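For ligands, and for the atoms within them, numbers begin at 1 and follow the listed sequence. It should be emphasised that the depicted structure is a prediction, and the values quoted were computed from it without experimental measurement. FYI, the numbering just counts along the sequence from 1. Just the heavy atoms: all of them, side chains too, but no hydrogens, waters or symmetry mates, feed the values below.
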Amino acid sequence: MATENELIQGLLLTKKWNDNIVKQLKMITEGKQNFKVVNERGDLIDVPQDYNKGIRFGVTIALNMIKEFPVQMSNESENIESQCPECHLNYSQEELDTFGGVCEDCYEDKNQD
Ligand SMILES: [Zn+2]
């Protein structure tokens, strides 16, 4: 059974993968150049002019199907990330507030002494 952290990592990787593909498809749909293909002799040739529109249309349909990532993720805690004054690592402001201005690890270290 995956831990919550592993699940979040997997989700973030999937989101990144999705962002990359959407970015690449957008470059195709927003591009103006003719598409090129490699023919059987290994030469790079222009796709016939008429086909370019059809290819962009197909890619636009694909883009519309995948551009909305099905899981909503908020950047809220990332945006207000702050440094723990003890270990100088970044934590959410929420965590620092909870443990009196330091991260949970430093808070526990302090309270063990
Ligand atoms: Zn710390």
Can you tell me if CZ on Phe99 sees more than 12 non-hydrogen neighbours from other groups inside 6.0 Å?
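Result for CZ/Phe99: enclosed.
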Less than 2.8 Å away from the Zn ion (ligand 1), how many protein N/O/S atoms can be counted, ignoring water?
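Count of protein N, O, S atoms less than 2.8 Å from the Zn ion (ligand 1): 4.
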Pairs flagged by side-chain hydrogen bond (donor to acceptor under 3.5 Å, both in side chains) wherever residues 7-18 is involved - sequence neighbours left out:
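Every side-chain hydrogen bond (donor to acceptor under 3.5 Å, both in side chains) pair that includes a residue of residues 7-18, provided the two are not neighbours, is Lys15-Asp19.
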Applying side-chain hydrogen bond (donor to acceptor under 3.5 Å, both in side chains) as the test, list every pair that has at least one member in residues 55-67; sequence neighbours left out.
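Listed once each, the pairs are Asn64-Lys67.
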For Val102 against Pro85, the heavy-atom pair lying closest together:
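Heavy atoms only, the tightest pair is CG1-CG, 4.1 Å.
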Got a sec, which hydrophobics cluster with Val38, joining ILVMFWY side chains under 4.5 Å apart, including via others?
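When side chains under 4.5 Å apart are linked, the cluster holding Val38 also contains Leu44.
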Answer yes or no: is there a side-chain heavy-atom contact under 4.5 Å between Val47 and Lys36?
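With C-beta onward as the side chain, the pair stays apart.
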